[in-house]
Amino acid sequence: MILLDGKKTSADIKEEIALEVREFKNNGNKTPHLAAIIVGNDGASITYVNAKVKACERVGFESSLIRLSDETSEEDLLNEIAILNVDNDIDGFIVQLPLPKHIDEQKILMAINPDKDVDGFHPTNVGKMALNLPTFISATPFGILELLDRYNVETSGKHVVVLGRSHIVGSPMSILLSQKRKVGNATVTMCHSRTKNLKEITLQADIIIAAIGIPEYIKADMVKEHVTVIDVGITRVADSSKKNGFRLVGDVAFDEVAKKADFITPVPGGVGPMTIAMLLKNTLLACKRKSQN
Ligand code: GUN
């Protein structure tokens, strides 16, 4: 069994980005600048956004964090987006999800300038991704492709089973892996809450991508020998033995599944850290594109 080490891989990528940024700046270009908007006080979201901002500093980017109260109106949020859309120093920005219930998420994502949409959530960028045109690929699917690539996991002709149909992970992952691309050319089955005989399907998988948010749902009896398992789940489960009162648990019962797997991601330290590295990659791409205009 080989651990797909997202922590180490993301550190490698960040080092590569830092070198590239130094060279870019030495050639007289601006410092890449990522901004993040967060609405409300959700603990996990704040942790993620802080990690994104900290990662910017490490690779030599500028970063701006815009914190808004959970009572912020949709109109006020749209105004903040309008400001970032035209701010010439901002190369890319994200609006951290989920948003409070009174705000229409889709309306917000559609207001982001697609050229600055480093999350790749705008319909224009989702459409380009689906057509296999150059665009920003969302951080989580992009990170999974990169992890499979760097560990030379063969996807061509393999049966990939994706669990979950979210716009952020399951849906783009299914599209990308079926495309004619370096990490792709797979036969993809997408499963979701209405799928019947799930175990029958997962038992046929060469590669499983689990993104359903149910702790330790995938058990050893659901996978075949030599499977590759990508665990996107990251749920906080109460644990009084921990200082912060919780532990992070993936969608896969790691210990038992790892015994049958050729490759598997841990939680934490698998897909999670990769998403931040890929967000930085997209921001550098946005900045470089802008400097060419
Ligand atoms: N919430 C969970 N994942 C993400 C992400 O990749 N981007 C944003 N903006 N919010 C998220």
Side-chain angles (χ1 to χ4, degrees), residues 6 10 13 34-56 61 63-68 70 72 74 77-78 80-81 84-85 90-101 103-126 129 135-147 162 164-173 175-176 209-214 230-236 248 250-251 265 267-268 270-283 285-286:
S10 75
I13 295 169
L34 173 73
I37 302 178
I38 181 163
V39 185
N41 297 306
D42 177 65
S45 289
I46 291 169
T47 307
Y48 292 143
V49 170
N50 283 338
K52 290 172 185 179
V53 169
K54 227 163 108 190
C56 282
F61 286 7
S63 64
S64 299
L65 179 58
I66 298 153
R67 283 197 67 172
L68 304 174
D70 53 8
T72 302
E74 191 176 275
L77 179 54
L78 287 169
E80 288 289 342
I81 291 170
L84 296 179
N85 276 345
I90 303 288
D91 300 295
F93 67 96
I94 64 162
V95 178
Q96 186 66 25
L97 305 177
L99 289 166
K101 289 207 167 46
I103 297 177
D104 180 344
E105 198 168 283
Q106 202 52 46
K107 195 166 167 189
I108 295 303
L109 296 178
M110 285 177 74
I112 298 173
N113 176 353
D115 293 333
K116 295 190 178 190
D117 170 38
V118 286
D119 256 335
F121 291 165
H122 189 284
T124 295
N125 289 324
V126 176
M129 179 276 298
T135 187
F136 302 114
I137 298 176
S138 314
T140 306
F142 197 8
I144 293 169
L145 292 180
E146 190 76 19
L147 205 51
V162 176
R165 56 180 159 184
S166 73
H167 292 166
I168 295 187
V169 190
S171 170
M173 203 67 257
I175 294 168
L176 289 161
I209 306 206
I212 46 174
I214 305 173
I230 306 288
D231 190 350
V232 188
I234 185 152
T235 307
R236 289 181 172 192
L248 297 172
D251 290 349
T265 59
V267 174
V271 174
M274 291 299 292
T275 65
I276 294 182
M278 304 324 276
L279 177 66
L280 299 175
K281 233 175 159 52
N282 277 345
T283 305
L285 176 66

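When a ligand or atom number is given, it counts from 1 through the structure's own listing order. Any value given below was found using the heavy atoms of this structure, including those in side chains, with hydrogens, waters and symmetry copies removed.
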Which atom pairs, nitrogen or oxygen on both sides, join ligand 1 and the protein at under 3.5 angstrom?
from, atom 1, to, atom 2, distance (Å)
ligand 1, 1 (N), Gln96, NE2, 3.3
ligand 1, 1 (N), Leu97, O, 3.0
ligand 1, 7 (N), Asp119, OD1, 3.2
ligand 1, 7 (N), Asp119, OD2, 3.1
ligand 1, 9 (N), Val95, O, 2.8
ligand 1, 9 (N), Asp119, OD2, 2.6
ligand 1, 10 (N), Gln96, NE2, 3.4
ligand 1, 10 (N), Leu97, N, 3.0

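To the nearest 0.5 angstrom, Ile214 atom CD1 is 9.0 Å from Thr235 atom OG1. Note: Leu145 CG to Ile230 CD1 = 10.0 Å, rounded to the nearest 0.5 Å.
Tested against Asp117 for a side chain to side chain contact (heavy atoms under 4.5 Å, CB included), the candidates Leu109, Asn125, Ile94 yield a single pass: Asn125.
With a 4.5 Å cut-off on side-chain heavy atoms, Ile168 and Phe121 count as touching.
Under the side-chain contact (heavy atoms from CB on, under 4.5 Å) criterion, Val267 pairs with Asp231, Ile234, not counting sequence neighbours.
For the residue pair Thr283 / Asp91, no side-chain donor-acceptor distance below 3.5 Å is found, with atom types taken as modelled.
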